[in-house]
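The structure appears below as structure tokens.
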Amino acid sequence: MLVLLLVVVATLVFLGRLVDVQVVHADALRAESKDRRSQERTVPGTRGEIVDRNGVVLAGGIPVYTVSASPRLAAQAGSVHAAAARIAAALGVPEPGVERTLTKDRSSDYAVLAKSVPLAALTRVKALQVPWLYYDESQRRVYPNGAVAGNLVGFVGSSGEAQAGIEYGENRCLQGADGTVEYESALDGTPIPGTAVTTKPATQGGEVTLTIDRDLQWFAQQTLAARAKQTGAKWGSVVVEEVRTGRLLAVADWPSVDPNDVNATASTDSGSLGSRAFTAPYEPGSTMKTITAAALLDRRLATPASRVVAPYRWTPPGVNIADSETHPTEHLTLTGVLVQSSNTGISRLATAMNDEVRYRYLQRFGFGTPTSVGFGAEAGGDLGGGPSRWDPQTRIATMFGQGLTSTAVQMASAYATLANGGVRLPVRLVSSCTTPDGQVHRTPVAAGTRIVSPAAAKGSIAMLEDVATKGWLAKDVAIPGYRVGIKTGTAQESDGHGGYSKQYLVSVAGVAPAESPRYVVYVDLNAPSKMNTSQAAAPVFRDVMARVLQANGVIPSGTRSPDLPTTW
Amino acid sequence: METETAVQRTADVIPLFVRRRMRTVRVALPPLSRVGTPDYYALGAITLFLAAFGLLMVLSASSVEQSQRVGNPYADFGRQAIAESLGVALMLLVSRLKPAVLLRSAPIVFAGAVVVQLLTVLTPLGLTVNGNRNWIRIAGFTLQPSEFVKLGLVLLIAAVLSRRKAERLGFVGLLPVLLPAALAILVVLLGKDLGTSMIIGLIVLAGLYFSGVRIATLGSLTVLAALVFGLAAASRGSRVDRLAAWSHGCNGDVLGTCWQAQQAIWALANGGLFGVGIGNSVSKWFWLPEADNDFILAVIGEETGLVGLLVLLLLFVALAVVALRIVTASRDRFTRAAVGMALAWLVGQAFANIAVVLGLAPVFGVPLPFVSAGGSSMIANLLAVGAVMALANASKDGRAPSAPPLRHRPAPVRGGSA
């Protein structure tokens, strides 16, 4: 019976100990063991794609892998030299480097062997079945269209953080969140099958759809680049806006940036990393005369036939303005003022308008505030603080686009307003964000705002047609079969010290088909050294506009442009 | 309508040819009660259950290590299955032997086992594993002769004590028992296997206790044994380390000497009340050394939980109860001594193993009978059960080899030992 007692007592002691270990302190001990036995792996939440209006991928991601090793376990397993040779061969990297990494610190549990390993190489390494190798998936951002829309799309940093363009501006839609998977590993580091637990699910990023048409964007960039090189310009842009929707179909910048190789651009011209069409305001010059004229028409302070005497130089008190070329005093209509691009003519007509009223027109056309696109580092331009702060010279200069600044997109939007019968639509670059669950979140579109009356808009466009047909660039901008309306700009640029430099910014803004405008194309070239008139920009306008009309199947006009009187 | 179709259908059926007179074959099987006593069946049932469960757990605990080391996850399991099949066959054979045969075979078994053990420790035939020179390689098979030394010693001591009135024996009188015991312990200790030699010591003390040796004599012998094993333990650094680790705890040094004990506790904790399921142990992924062997209990605890371990514990308790029933029911000295020693061996060793895994005793490396991987141990254990089964039958039939009755309890003793 003594023996039975011993057996029973021993059993009870064991049972007590078991309850203690397996029930009472189980959680604490389990946590202790998990500390040592479990590993965490990051599951990348992939960044969403950026696509053009037709779904063509402008920015996407491919999975790449970081291969790391535990030198401690490698040393334990032995034959490091042979293993290093096999791993190096599979990765396609030099063998001594791999061996050095593996043998540098034999007590370490983490050493990176290779980063950005493509899937093919990873498959070869995995086939070696080395238990002390670890693989972390990450994403590398790729831009399959290279520099096409590169300035718009922007780029991400080496670790995937958004840095510029849509990548930056739409980061909230695009970014995914990394998740984690915890798994138990064997002593040699092998993940134990069936132990993986998703501790935090990875979330995928959404897809951003732009209003940009990739093919048109390419064409605009090509045309712009060719002309910019030919004329020796420092930089330039082309903006194509769809009149009836406010969508930007192309925003070309030169120099362009290839987001796949940002450093190549960054080293030569850091200003080109964004899109100057949004970010670089400048004094627009004569293209602004159209806006001034539209305001006059809307207020019935003038008609296209309003008469004005336009001298070469005009010097009311505190003002000294002149036209770009000397000429005898001319008798011009408002249309003639635009055709001749007479500074004195527009100034003398526009003085009939209250400055406050004109300032409000400028604001309502969108000058002075960034567009609704909200592009990264987008500029709003500067209206010189308003009439109260304008000196007499500035007050007059603003009538023909000097003494205030605007961006290319702002000017395009103002012309689109006139083309749209006087109703301004918000400018759009991003049309929607599609979340991974398939929900499409369209960019909210504010209703259009009437800026000028339909008659004023129609009158303005008619005058632009006369500029196109009777102006000195008539041959350069004509598109056979279509009625086109344009206005040129040759603006003196600020030298940054309160004066004007010798360089000009030349531009062409235009609409087509003029009888029922559907597209606005705006072209600017900064400081074209070999041709400092708007003739530099004219062929770009013509080619891009012709391309837009063709590509979108716009029916030829079939009528002639109106023939308005320009002189009296 | 219906009947009509029914009639038509029966007409289509082809009648089977049936013989009118059936031939009756009678096979006469003896009733179970004639083959063996309830204790006989109980022993067999408990043992077979333990062995089968053990085999399953060996597969679970060894497959990961085996698939990495030899590329075949079933290598260890296969060896164990073969040894177990052989062992069960031998057990059933031995269980049908007459006790007299067992008694006569005792010196041969013992002598044979000691000789092989000597070959193991003294000749190049022996293999050293984990510092223990315990295995001998014969014709491609490895054998652990120390397990058979235990078996031989149980039979030999029982045989010696069957012809003597143990309650009257002093140290000198017990020399025929103590000398072979000392020899057995010595040859095993030569192989540096302290754990097995301690179990042999326990077996000897149990044999003397169940034979009725005076408490004083038994007490002095126990003290002596404790001294000897204490010295042996202290003579080797690794054992001192293990002892220190056990008594002082791990002090955060998880990679040190107490790695194994720590991993075992973590395994048990991971199992919790119901376990993580058979096959799902994490510890067997190289964390727990000897996962299929000395520490298989930790894997069982992890995979089947407290519930599984309770079942295992109760099986060993049941084994002890059945053995004690046989001892108390028998008046035969040979039976009492042999079954008592088998009890100390199988249940004692099991409890020692469990105590180690649970961290209640220092790590001294004895396998869990019937469960741990190891063919020699399995066969020797099954043979021992076979012998006990044979004796269980004999005690009921009154076919005891030696008549002299014995009082149930050892006689009270006057004075100390001589």
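On a predicted model such as this, the values are computed, not experimentally measured, just so you know. Within every chain, numbering begins at 1; the chains are lettered A, B, ... in the order of the sequence lines, protein sequences first and strands thereafter.
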- [ ] State, to 0.1 Å, how close B:Asn381 and B:Pro369 come at their nearest heavy-atom pair, and which atoms those are.
- [x] ND2-CA, 3.4 Å

- [ ] Return yes if a side-chain donor-acceptor contact under 3.5 Å exists between B:Gln263 and B:Ser283, otherwise no.
- [x] no

TODO: Mind jotting down which residue pairs meet the side-chain hydrogen bond (donor to acceptor under 3.5 Å, both in side chains) criterion with at least one end in residues 306-322 of chain B? Sequence neighbours excluded, please.
DONE: none

TODO: Identify, with sequence neighbours excluded, every residue that meets side-chain contact (heavy atoms from CB on, under 4.5 Å) alongside A:Gln129.
DONE: none

Open item on the list: Tell me the closest heavy-atom pair linking B:Leu218 and B:Leu205, and the distance in Å.
Closed with: CD1-O, 3.6 Å

Open item on the list: Using only non-hydrogen atoms and a strict under-4.5 angstrom cutoff, which residues of residues 102-113 of chain A touch chain B?
Closed with: none

TODO: Please list, in residue-number order, every residue in residues 14-30 of chain A that has a heavy atom less than 4.5 Å from any heavy atom of chain B; write 'none' if there are none.
DONE: A:Phe14, A:Leu15, A:Arg17, A:Leu18, A:Val19, A:Val21, A:Gln22, A:Val23, A:Ala26, A:Leu29, A:Arg30

Task: For A:Ala59 against A:Arg141, the heavy-atom pair lying closest together - done: CB-NH2, 3.9 Å

Open item on the list: How close do B:Asn293 and B:Pro367 get, counting heavy atoms only, and between which atoms?
Closed with: OD1-CB, 4.0 Å

TODO: Check whether B:Leu343 gets within reach of chain A through its side chain, its backbone, both or neither, counting any heavy atom under 4.5 Å.
DONE: side chain

TODO: Under 4.5 Å, counting heavy-atom pairs only, tell me which of A:Ala10, A:Ser185, A:Ala186 racks up the most with chain B.
DONE: A:Ala186

TODO: Answer yes or no: is there a donor N or O on one side and an acceptor on the other, between the side chain of B:Glu303 and the main chain of B:Ser281, under 3.5 Å?
DONE: yes

Open item on the list: Under 4.5 Å from any heavy atom of chain A, what part of B:Leu310 do you find: side chain, backbone, both or neither?
Closed with: side chain

Open item on the list: Using heavy-atom distances under 4.5 Å, tell me whether A:Glu184 contacts chain B through its side chain, its backbone, both, or neither.
Closed with: side chain

- [ ] Tell me yes or no: between the side chains of B:Tyr74 and B:Gln66, is some donor less than 3.5 Å from an acceptor?
- [x] no

Open item on the list: Just so I understand: if I count every heavy-atom pair under 4.5 Å between each of B:Leu273, B:Leu313, B:Val64 and chain A, which residue has the most?
Closed with: B:Leu313

TODO: Select one option (side chain, backbone, both, neither) describing which atoms of B:Ile265 are under 4.5 Å from chain A's heavy atoms.
DONE: both

Task: Residue that, paired with B:Lys284, satisfies side chain to side chain donor-acceptor pair (under 3.5 Å) out of B:Ser60, B:Ser62, B:Ser63 - done: B:Ser60

TODO: Let me know if B:Leu268 has heavy atoms under 4.5 Å from chain A in its side chain, its backbone, both or neither.
DONE: both

Task: Minimal non-hydrogen separation, A:Thr199 against A:Val181, with atom names - done: OG1-N, 4.1 Å

Open item on the list: Looking at chain B, which one of A:Val3, A:Leu4, A:Thr195 has the largest number of heavy-atom pairs inside 4.5 Å, strictly under?
Closed with: A:Val3

TODO: Among B:Val276, B:Asn280, B:Val317, single out the residue with the greatest number of heavy-atom pairs under 4.5 Å to chain A.
DONE: B:Val317

Task: Non-hydrogen atoms of A:Asp136 and A:Thr42 that approach each other most closely - done: OD1-N, 4.4 Å

TODO: May I ask you to check whether A:Asn260 and A:Arg140 show a side-chain donor-acceptor distance below 3.5 Å?
DONE: no

Task: Value rounded to 0.5 Å, distance of CD1 in B:Ile326 from CG in B:Leu43 - done: 4.5 Å

